[in-house]
A.B. asks: 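My questions all concern the structure below.
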Amino acid sequence: MVVILLFYISLSVVGQQDSTNLIINNIDSLRIAKIEHKNYRIMPYLAPAYTPETEYLLTAGGLITFKTQRWNNLLNRSSIPFSFGYSSTGAISVNIQNVIYLTDDKIRMLGEFLYKDMPDNYWGVGYDNGINIEKSPANTGYQRIYWRFFEKFMFRTFSDLFIGAVVDMNGTEATQLNARMLTDEYVLSNGTGINNTGIGLAVEYDTRDFVQNAYKGVFLSASMVFFQSYLGGNTKFKALEVDYRQYLKIKRERRTLAWNVKSRFSFGDEVPWTDMAMLGGPFNMRGYTIGRFRDQNALSMTTEYRHMFKRRTLNKRGNYNSRLGYVAWLGAGTVSHSINEFNGWLPNGGLGLRLELQTRMNMRFDYGVGKGEAGAYVTFSEAF
């Protein structure tokens with residue numbers, strides 16, 4: 001709540017240089033809750049948010065950071081951000097992520113566990129349905145329980161090249177279907193109880209200086225996951241994801257221009273309606289409801305400017321870096337049934353506030369706007 005108040009104050013004093021500098025120079029004096037024990041640091045938080053999926057949301061969580069080799073000054077700190085949320089619609093959500101560096105950063109583990117029990121919406125498959133169908137309990141509403149366990153195990157091979165394995169398990173139980181869903185061809189084909197179990201391979205080229213909040217470098221990733229019934233699920237399809245990111249310093253460190261091109265391509269005749277390529281959420285096309293636009297394939301592009309303020313006086317750490325910053329982004333995305341039929345591009349943009357809880361570990365408050373909807377997100381780490 002203090003951060004939100006500061007954001008409001010900072011907007012109200014645009015053009016009043018002395019007041020703005022007062023905020024920047026004194027934000028380090030804020031007492032941020034922290035639990036520290038030897039190698040481990042835990043920073044809890046409690047904050048409101050609003051997303052298109054859950055509407056008004058109260059989230060509680062924290063950021064755990066640690067080193068797997070305490071003596072290694074060159075090894076970045078691993079992080080496990082986690083959150084628990086309850087919304088005005090009765091939605092319950094649990095989200096735990098991890099970025100863990102092992103053995104001199106020769107091995108990396110990156111993943112998440114996600115659980116949601118919430119009123120959800122299904123517009124159908126395809127760009128046209130997402131545009132033309134009006135969101136309402138009668139048209140799009142249903143109840144969904146969803147869980148996911150995802151983990152990548154990456155091994156450094158040559159310099160900045162990583163090769164590894166992917167495990168992706170998730171499940172959906174859909175109930176209280178609206179009338180449209182009862183006649184939808186994809187729902188009829190796949191059913192309402194869907195479990196996916198997949199394993200695959202991933203290749204990454206990564207020159208980023210810090211995975212959770214890069215100031216410079218390039219990241220290029222490609223992964224192919226095979227979902228098969230004999231692995232324990234009840235579906236059979238393949239998913240290819242390609243992710244390109246680049247970061248460029250603008251005159252000084254902590255002022256960064258970042259851009260991201262992300263795509264997902266699904267293959268097979270049994271791609272379930274619950275797991276098609278989608279746009280939306282806190283990490284991709286912020287402001288759009290996750291799943292409003294879904295199809296066999298999805299493509300999105302985002303360019304973001306990130307700015308952390310400088311102080312006029314030294315902080316307690318002996319430098320001029322402020323904890324406070326902001327971001328602004330523009331982007332576009334679309335979905336398609338065929339790889340060569342991408343059209344109907346959707347606009348996206350937004351602004352965000354950053355509060356550095358630990359060195360290069362930010363808490364982010366983002367407000368994203370899409371076509372006909374918007375959302376506010378509170379979470380850790382950057383969107384990409």
A.B. asks: Would you say the side chain of Asp243 lies within less than 4.5 Å of the side chain of Asn260, judging by non-hydrogen atoms?
C.D. replies: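 Heavy-atom side-chain distance check passes, below 4.5 Å.
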A.B. asks: Hydrophobic clusters here meaning ILVMFWY residues chained together by side-chain heavy-atom distances under 4.5 Å, can you tell me if Phe162 and Phe219 are in one?
C.D. replies: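 Phe162 does not cluster with Phe219.
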A.B. asks: Going by heavy atoms in the side chains, are Trp345 and Leu299 under 4.5 Å from each other?
C.D. replies: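 The answer is yes, as the side chains (C-beta and beyond) meet within the 4.5 Å cut-off.
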A.B. asks: Under 4.5 Å between any side-chain heavy atoms of Thr68 and Ser78, yes or no?
C.D. replies: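 In short, these two side chains touch, coming nearer than 4.5 Å.
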A.B. asks: So which heavy atom on Val378 is nearest to which on Ala47, and how close?
C.D. replies: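 Looking at all heavy atoms of both residues, the shortest contact is CG1-CB, 3.9 Å.
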A.B. asks: Asn362 pairs by side-chain hydrogen bond (donor to acceptor under 3.5 Å, both in side chains) with which of Arg354, Arg323, Glu382, Gln212?
C.D. replies: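 For Asn362, the side-chain hydrogen bond (donor to acceptor under 3.5 Å, both in side chains) test succeeds with only one of Arg354, Arg323, Glu382, Gln212, which is Glu382.
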A.B. asks: Measure the spacing between CD1 of Ile64 and CD1 of Ile96 and express it to the nearest 0.5 Å.
C.D. replies: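 One gets 8.5 Å once the value is rounded to the nearest 0.5 Å.
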A.B. asks: Are Ile107 and Ile100 in one and the same hydrophobic cluster, where Ile, Leu, Val, Met, Phe, Trp and Tyr link if side-chain heavy atoms are under 4.5 Å apart?
C.D. replies: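 Yes; Ile100 is reachable from Ile107 via cluster members.
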A.B. asks: Hey, are Asp209 and Lys249 close enough for a salt bridge, meaning a charged N less than 4.0 Å from a carboxylate O?
C.D. replies: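 Salt bridge: no.
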A.B. asks: Show your working on side-chain contact (heavy atoms from CB on, under 4.5 Å) between Thr274 and Tyr146 and close with a plain yes or no.
C.D. replies: CA-CA 10 Å; Thr274 56; Tyr146 173 73; over 6 Å; no
A.B. asks: Following the transitive rule for hydrophobic clusters with a side-chain heavy-atom cut-off under 4.5 Å over Ile, Leu, Val, Met, Phe, Trp and Tyr, establish whether Met308 and Tyr305 coincide in one cluster.
C.D. replies: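 In one cluster: no.
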A.B. asks: For Tyr45, does the six-membered ring have the charged nitrogen or CZ of Arg364 within the cation-pi criterion, i.e. under 6.0 angstrom from the centroid and within 45° of the normal?
C.D. replies: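 Relative to the ring axis of Tyr45, which defines the angle, Arg364 lies outside at least one limit.
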A.B. asks: Say whether, by atom type as modelled, one donor and one acceptor occur between the side chain of Asn348 and the main chain of Val369 under 3.5 angstrom.
C.D. replies: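 Confirmed, Asn348 side chain pairs with Val369 backbone.
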A.B. asks: How long is the span from the OG1 atom in Thr54 to the OH atom in Tyr86, to the nearest 0.5 Å?
C.D. replies: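 Answer rounded to 0.5 Å: 12.0 Å.
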A.B. asks: Do any N or O atoms from the side chain of Asn39 and from the backbone of Lys67 form a donor-acceptor pair under 3.5 angstrom?
C.D. replies: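 Answer holds: yes.
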A.B. asks: Is there a side-chain contact between Asn121 and Trp123 (heavy atoms, below 4.5 Å)?
C.D. replies: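 Of all side-chain heavy-atom pairs linking Trp123 with Asn121, at least one is under 4.5 Å.
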A.B. asks: Look up atom OG in Ser189 and atom CD in Glu270, then write down how far apart they are to the nearest 0.5 Å.
C.D. replies: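 It is 7.5 Å, given to the nearest 0.5 Å.
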A.B. asks: Does the side chain of Thr192 come within less than 4.5 Å of Thr175's, by heavy atoms?
C.D. replies: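 SC-SC contact between Thr175 and Thr192 ruled out.
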A.B. asks: Could you go step by step and tell me if Lys236 and Asp269 meet the salt bridge (Lys or Arg N to Asp or Glu O under 4.0 Å) rule?
C.D. replies: CA-CA 8 Å; Lys236 181 181 178 181; Asp269 298 327; over 6 Å; no
A.B. asks: Between the main-chain N or O of Ala277 and the side-chain N or O of Asn297, is there a donor-acceptor pair closer than 3.5 Å?
C.D. replies: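 Not at all, since once roles are kept as given, no pair shorter than 3.5 Å links the two residues.
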A.B. asks: Distance-only, no hydrogens or angles: does the Arg255 side chain make a donor-acceptor pair with backbone N or O of Arg252 under 3.5 Å?
C.D. replies: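 No: the side chain of Arg255 does not pair with the backbone of Arg252.
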A.B. asks: What distance separates Ser223 OG from Leu240 CG, expressed to the nearest 0.5 Å?
C.D. replies: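 Going from OG on Ser223 over to CG on Leu240, the span is 7.0 Å.
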A.B. asks: Can you find a heavy atom in the side chain of Met361 that is under 4.5 Å from one in the side chain of Phe210?
C.D. replies: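 Yes, their side chains come closer than 4.5 Å.
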A.B. asks: Mark yes when over 12 heavy atoms from residues, nucleotides or ligands other than Lys216 sit less than 6.0 Å from its NZ; otherwise mark no.
C.D. replies: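 Open.
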A.B. asks: Would you call the rings of Phe265 and Phe342 parallel, tilted or perpendicular, taking 30° and 60° as the class edges?
C.D. replies: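 Judged by the thresholds at 30° and 60°, the geometry between Phe265 and Phe342 is perpendicular.
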A.B. asks: So, Arg156 side chain and Ser159 main chain: donor-acceptor pair closer than 3.5 Å or not?
C.D. replies: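 The answer is yes, because a donor-acceptor pair under 3.5 Å joins these two groups.
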A.B. asks: Is there a donor-acceptor contact under 3.5 Å from the side chain of Tyr377 to the main chain of Gly287?
C.D. replies: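 At least one qualifying donor-acceptor pair exists.
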A.B. asks: Starting from Ile290, can I reach Leu346 by hopping between I/L/V/M/F/W/Y residues whose side chains sit under 4.5 Å apart?
C.D. replies: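 In one cluster with Leu346: Ile290, no.
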A.B. asks: Check this for me: Glu36, atom CD, are more than 12 non-hydrogen atoms of other residues, nucleotides or ligands nearer than 6.0 Å?
C.D. replies: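 It does: Glu36 CD has more than 12 such atoms within range.
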A.B. asks: Return yes if some donor-acceptor pair links the side-chain N/O of Arg148 with the main-chain N/O of Asn170 below 3.5 Å, else return no.
C.D. replies: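 No; zero donor-acceptor contacts below 3.5 Å.
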A.B. asks: State, without any angle test, whether Asp104 and Asn72 hold a side-chain donor-acceptor pair at a distance under 3.5 Å.
C.D. replies: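 Note: Asp104 and Asn72 side chains meet the donor-acceptor criterion.
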A.B. asks: Rounded to the nearest 0.5 Å, how far does OH of Tyr127 lie from CD1 of Ile131?
C.D. replies: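 Rounded to the nearest 0.5 Å, the CD1-OH separation comes out at 4.0 Å.
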A.B. asks: Take Lys152 and Glu204 through the salt bridge (Lys or Arg N to Asp or Glu O under 4.0 Å) test and state the conclusion after the steps.
C.D. replies: CA-CA 11 Å; Lys152 284 197 300 186; Glu204 295 180 351; 2.3 Å; yes
A.B. asks: State whether the side chain of Tyr247 and the backbone N or O of Asn213 hold a donor-acceptor pair below 3.5 Å, judged by distance alone.
C.D. replies: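 The answer is no, because no donor-acceptor pair under 3.5 Å joins these two groups.
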A.B. asks: side-chain contact (heavy atoms from CB on, under 4.5 Å) between Phe293 and Thr334: does it pass, once the steps are laid out?
C.D. replies: CA-CA 8 Å; Phe293 296 95; Thr334 189; over 6 Å; no
A.B. asks: Determine yes or no for a side-chain-to-main-chain donor-acceptor pair under 3.5 angstrom, with Ser87 supplying the side chain and Leu57 the backbone.
C.D. replies: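 No.
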A.B. asks: Quick check: does any side chain N or O of Glu373 sit under 3.5 Å from a backbone N or O of Thr289, one acting as donor and the other as acceptor?
C.D. replies: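 At least one qualifying donor-acceptor pair exists.
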A.B. asks: Can you give me the closest heavy-atom contact between Met278 and Trp273, atom names plus distance?
C.D. replies: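 Heavy atoms only, the tightest pair is CE-O, 4.2 Å.
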A.B. asks: Give a yes or no on whether the ring-centroid distance for Phe82 and Phe113 is below 6.0 angstrom.
C.D. replies: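 No, the ring of Phe82 stays outside the 6.0 Å limit from the ring of Phe113, centre to centre.
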A.B. asks: Group every Ile, Leu, Val, Met, Phe, Trp and Tyr by side-chain heavy-atom contacts under 4.5 Å, then state whether Tyr230 and Phe226 land in the same group.
C.D. replies: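 No, Tyr230 and Phe226 fall in different hydrophobic clusters.
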A.B. asks: Is Leu353 close to Leu324 at the side-chain level, that is, under 4.5 Å between some pair of heavy atoms?
C.D. replies: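 They are in side-chain contact.
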A.B. asks: Decide whether a cation-pi geometry holds between Arg306 and Phe384; the criteria are a distance under 6.0 Å from NZ or CZ to the six-membered ring centre and an angle within 45° of the ring axis.
C.D. replies: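 Because its charged atom sits under 6.0 Å from the ring centre and within 45° of the axis, Arg306 does stack over Phe384.
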A.B. asks: After noting the C-alpha distance and the side-chain angles of Phe237 and Thr235, does the key distance pass the side-chain contact (heavy atoms from CB on, under 4.5 Å) rule?
C.D. replies: CA-CA 7 Å; Phe237 67 99; Thr235 59; 3.7 Å; yes
A.B. asks: Can you tell me if Tyr56 has over 12 outside heavy atoms packed within less than 6.0 Å of its OH?
C.D. replies: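 Atom OH in Tyr56 is not crowded, with 12 or fewer foreign heavy atoms closer than 6.0 Å.
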A.B. asks: Find out whether Arg286 and Trp329 are in side-chain contact, i.e. whether some heavy atom of one side chain is under 4.5 Å from a heavy atom of the other.
C.D. replies: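 When only atoms from C-beta onward are counted, Trp329 and Arg286 do touch, with a gap below 4.5 Å.
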A.B. asks: Measuring from Gln246:CD to Tyr244:OH, what's the distance to the nearest 0.5 Å?
C.D. replies: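 Separation between the atoms: 3.5 Å.
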A.B. asks: When you look at CZ of Phe153, are more than 12 heavy atoms from neighbouring residues, nucleotides or ligands closer to it than 6.0 Å?
C.D. replies: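 Correct, the count exceeds 12.
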A.B. asks: Under a 4.0 Å threshold between the charged nitrogen and the carboxylate oxygen, would Arg144 count as salt-bridged to Glu53?
C.D. replies: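 Here Glu53 does not pair with Arg144 in a salt bridge, since their nearest N and O are not under 4.0 Å apart.
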A.B. asks: How about CD1 on Ile339, more than 12 heavy atoms from neighbouring residues, nucleotides or ligands closer than 6.0 Å, or not?
C.D. replies: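 Correct, the count exceeds 12.
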A.B. asks: I need the minimum non-hydrogen distance between Thr197 and Gly233, along with the two atoms involved.
C.D. replies: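 Taking Thr197 first and Gly233 second, the nearest heavy atoms are OG1-N, 3.5 Å.
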A.B. asks: Would you sort out whether Tyr101 and Gln69 count as a side-chain contact (heavy atoms from CB on, under 4.5 Å), showing the intermediate values?
C.D. replies: CA-CA 9 Å; Tyr101 306 98; Gln69 297 170 306; over 6 Å; no
